[in-house]
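Proteins get letters first, then strands, A, B, ... in listed order; numbering begins at 1 in each.
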2 protein chains.
Amino acid sequence: MGVMTTRAESAAATRRALLDAAAELLDLGGPEAVTLREVGARAGVTRGAPYRHFTGKDSLLTAVAAECWERIGDQVHALRADPALSASEKLRGALRALIDVGRNQPHLYQVLFRRRANLPGQLGDGMDRLRRQLCGPEGDPAVADRAAERFQDEFLAVVAALAGERNARHYGALLLAGAHGIAGMELSGHLDMDKWHTSADELVDTLVRMVTDAGEMT
Amino acid sequence: MGVMTTRAESAAATRRALLDAAAELLDLGGPEAVTLREVGARAGVTRGAPYRHFTGKDSLLTAVAAECWERIGDQVHALRADPALSASEKLRGALRALIDVGRNQPHLYQVLFRRRANLPGQLGDGMDRLRRQLCGPEGDPAVADRAAERFQDEFLAVVAALAGERNARHYGALLLAGAHGIAGMELSGHLDMDKWHTSADELVDTLVRMVTDAGEMT
DNA sequence: CCGGTTCAGATGACACTGTCAACTGTATGA
DNA sequence: TCATACAGTTGACAGTGTCATCTGAACCGG
């Protein structure tokens with residue numbers, strides 16, 4: 001907690017500041033508003049500095065997304081450990097953890113579900129492998145993927161506790177897709193109360209009830 | 001079909017060419033690849049020409065999205081009129097109409113569900129109203145919204161034929177959100193077969209079966 | 001047939017972006 | 001102590017969206 005002097009500490013601090021600035025700009029005006037120049041300025045450095053911590057703008061945004069995946073992953077993990085909540089309450093909480101991101105940070109939410117770079121990459125550029133090895137401790141997209149997968153695993157565990165191991169995966173996919181769809185439609189303004197006579201919250205409740213009933217039937 | 005000479009015809013032709021070029025570029029490399037210069041070049045005009053037909057790049061992309069909404073709206077309409085299909089087959093077809101856009105034109109799909117401009121706009125800029133009045137026959141976002149709503153109405157009719165008027169709206173919203181979520185997760189690479197032990201098609205079948213069963217129960 | 005008008009399109013310019021190469025200075029470690 | 005690694009700076013470049021201005025030909029009232 002002392003005054004930071006070592007170079008490693010200082011570098012870590014700027015990296016953090018860059019991530020925070022990027023996240024803030026993303027919330028304010030979307031990916032277009034995340035300008036490396038402005039990010040640098042808010043972090044107290046200049047436009048070129050981010051390239052010492054990320055391979056580029058895309059890498060920076062991916063890192064922000066990764067932190068969000070980790071955050072909601074932790075959130076669901078905590079939910080899962082809470083003894084005061086019933087199984088279906090935990091499920092509702094997990095679904096809302098995702099949807100709330102869409103509500104509170106819509107632009108960030110869209111970055112979470114961005115089209116991934118070509119996964120196969122068997123050959124790729126060759127250049128890519130080298131870049132990742134040189135730049136970060138680990139390739140950024142890989143980190144984001146791991147974080148996303150962690151969230152999905154936590155989510156899966158919640159579903160399994162309610163619907164049983166057997167159907168957990170199928171239901172899990174359906175529920176996650178359902179929540180993602182609800183969040184996406186609300187976010188894009190296509191979930192109009194006047195048209196559908198229902199709300200995102202009601203739809204989430206329906207999802208929860210659906211799997212709860214099915215779980216009891218087994 | 002004769003040689004076009006009148007100015008109105010020529011202008012309409014370039015407008016069409018601009019839309020086609022934009023759609024093609026969008027498919028190839030996403031919104032970032034849709035460059036007004038390249039769009040103009042492919043349409044046989046120069047960079048400034050699109051501004052005679054659209055208020056800007058955003059307006060152009062919105063128009064492309066509107067045409068897609070119309071297309072799948074027509075598709076569902078045709079489905080609805082097909083006497084050879086059962087009610088649940090029609091529903092499956094409607095869901096797949098949307099999902100197939102996500103599969104075949106992923107970038108276009110994301111434009112369909114873009115975050116809408118601030119809807120309230122009671123006061124807005126004041127400038128906006130003026131611009132819309134001057135530029136197109138109608139404001140572009142309004143056109144896209146109408147086209148999207150048309151698709152939703154067609155979809156709603158398909159659901160109503162299966163689940164009854166009473167629950168049509170609630171189920172409709174749930175199904176549409178489900179399909180949107182499935183498409184979105186598949187598109188973003190988050191629907192991994194190894195993890196979920198299921199596929200987009202299976203999930204769609206589950207959705208259809210769900211509402212079919214519920215419809216029979218009433 | 002004619003002259004002015006309208007308007008699709010061309011062009012020049014501007015501010016701004018992501019990205020890289022080259023450079024600088026300082027903490028680090030032998 | 002001194003060479004080195006490396007976070008950060010700076011200059012430059014190719015694109016980008018957007019606007020103001022200009023041009024020329026189709027239009028239309030007389």
Side-chain angles (χ1 to χ4, degrees), chain A residues 2-19 21-22 25-26 29-64 117 125 127-128 130-131 133-137 140, chain B residues 2-19 21-22 25-26 29-64 117 125 127-128 130-131 133-137 140:
Chain A
V3 181
M4 63 184 66
T5 47
T6 92
R7 188 155 63 179
E9 279 171 335
S10 159
T14 45
R15 185 191 152 92
R16 182 97 294 279
L18 288 170
L19 284 169
L25 287 172
L26 180 62
E32 312 285 313
V34 178
T35 266
L36 290 193
R37 285 162 166 84
E38 181 66 20
V39 167
R42 295 198 177 210
V45 290
T46 54
R47 60 186 194 278
Y51 287 92
R52 291 288 135 190
H53 300 271
F54 308 93
T55 51
K57 175 176 176 176
D58 243 47
S59 165
L60 175 59
L61 285 176
T62 302
V64 172
D125 269 345
M127 187 58 183
D128 246 24
L130 197 142
R131 218 180 212 171
Q133 211 162 2
L134 291 181
C135 192
D140 270 333
Chain B
V3 181
M4 64 183 63
T5 48
T6 90
R7 188 157 61 179
E9 278 170 334
S10 158
T14 48
R15 185 190 153 93
R16 183 96 293 278
L18 288 171
L19 284 169
L25 287 172
L26 181 62
E32 311 286 313
V34 178
T35 266
L36 290 193
R37 285 163 167 85
E38 182 65 19
V39 167
R42 295 198 177 209
V45 292
T46 54
R47 58 188 195 276
Y51 287 92
R52 290 289 137 191
H53 300 269
F54 307 94
T55 51
K57 177 178 175 175
D58 242 48
S59 166
L60 174 58
L61 285 176
T62 302
V64 172
D125 270 344
M127 188 57 184
D128 245 21
L130 199 141
R131 216 179 213 172
Q133 211 163 4
L134 292 180
C135 191
D140 271 332

Heteroatom pairs (N/O) under 3.5 angstrom, protein to nucleotides 2-4 of chain C:
none

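Within the structure, salt bridge (Lys or Arg N to Asp or Glu O under 4.0 Å) contacts touching residues 33-44 of chain A (residues at least two apart or in different chains) are A:Glu24-A:Arg42, A:Glu38-A:Arg42.
Using a 4.0 Å heavy-atom distance criterion, A:Gly40 is classed as making no nucleic acid contact. Within the nucleic acid shown, A:Val34 comes within 4.0 Å of sugar-phosphate atoms alone, with no base atom in reach, counting heavy atoms only. Residue A:Ala49 is classed as a base contact, given a heavy-atom separation below 4.0 Å to a base.
Taking every heavy atom of both residues into account, B:Val64 and B:Ala22 meet most closely at CG2-CB, 4.0 Å. The two residues A:Leu60 and A:Val39 come nearest to each other via the heavy atoms CD2-CG1, 4.1 Å. Of all the heavy atoms in A:Gly40 and A:Leu18, the pair that sits closest is CA-CD2, 4.3 Å.
What separates CG of B:Asp58 from P of D:dT16 is a distance of 17 Å, to the nearest Å. If you take NZ of B:Lys57 and C1' of D:dG15, they are 11 Å apart, rounded to a whole angstrom. Here C:dG9 presents its C1' atom at 16 Å from CZ of B:Arg15, a figure rounded to the nearest Å. Here the P atom of nucleotide C:dA8 and the CZ atom of B:Arg47 are 18 Å apart, to the nearest Å. To the nearest angstrom, P of D:dA7 lies 17 Å from CZ of A:Arg16. Here D:dC19 presents its P atom at 11 Å from CG of B:Leu36, a figure rounded to the nearest Å. Rounded to a whole Å, the CG atom of A:Leu18 is 11 Å from the C1' atom of D:dG8. Here D:dG17 presents its C1' atom at 12 Å from CD of B:Glu32, a figure rounded to the nearest Å.
Closest-nucleotide positions on DNA chain C for A:Glu38 and A:Gly48 were compared, and the one nearer the 5' end corresponds to A:Glu38. Mapping A:Val45 and A:Arg37 onto DNA chain D by nearest heavy atom places A:Val45 closer to the 5' end of the strand.
Here the straight-line distance linking atom CD of B:Glu32 with atom CD of A:Glu32 works out to 5.5 Å at 0.5 Å rounding. The distance from atom CZ of A:Arg47 to atom CG of A:Leu36, rounded to the nearest 0.5 Å, is 11.0 Å.
A:Thr46 has no side-chain polar atom (N or O) that falls below the 4.0 Å cut-off from OP1 or OP2 of D:dG8. OP1 or OP2 of D:dG8 lies within a sub-4.0 Å distance of a side-chain N or O belonging to A:Thr14.
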Report task. Determine, for nucleotides 23-30 of chain C in 5'-to-3' order, which nucleotides have protein heavy atoms under 4.0 Å from the base (write B), from only the sugar-phosphate (write S), or from neither (write -). Result -> ---BSS--

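Of the candidates D:dT18, C:dA8, C:dC20, D:dT18 carries the atom nearest the B:Tyr51 side chain, counting heavy atoms from C-beta on.
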**Report entry** B:Thr62 and B:Phe54: CA distance, side-chain angles, deciding distance, side chain to side chain contact (heavy atoms under 4.5 Å, CB included) verdict
**Finding:** CA-CA 10 Å; B:Thr62 302; B:Phe54 307 94; over 6 Å; no

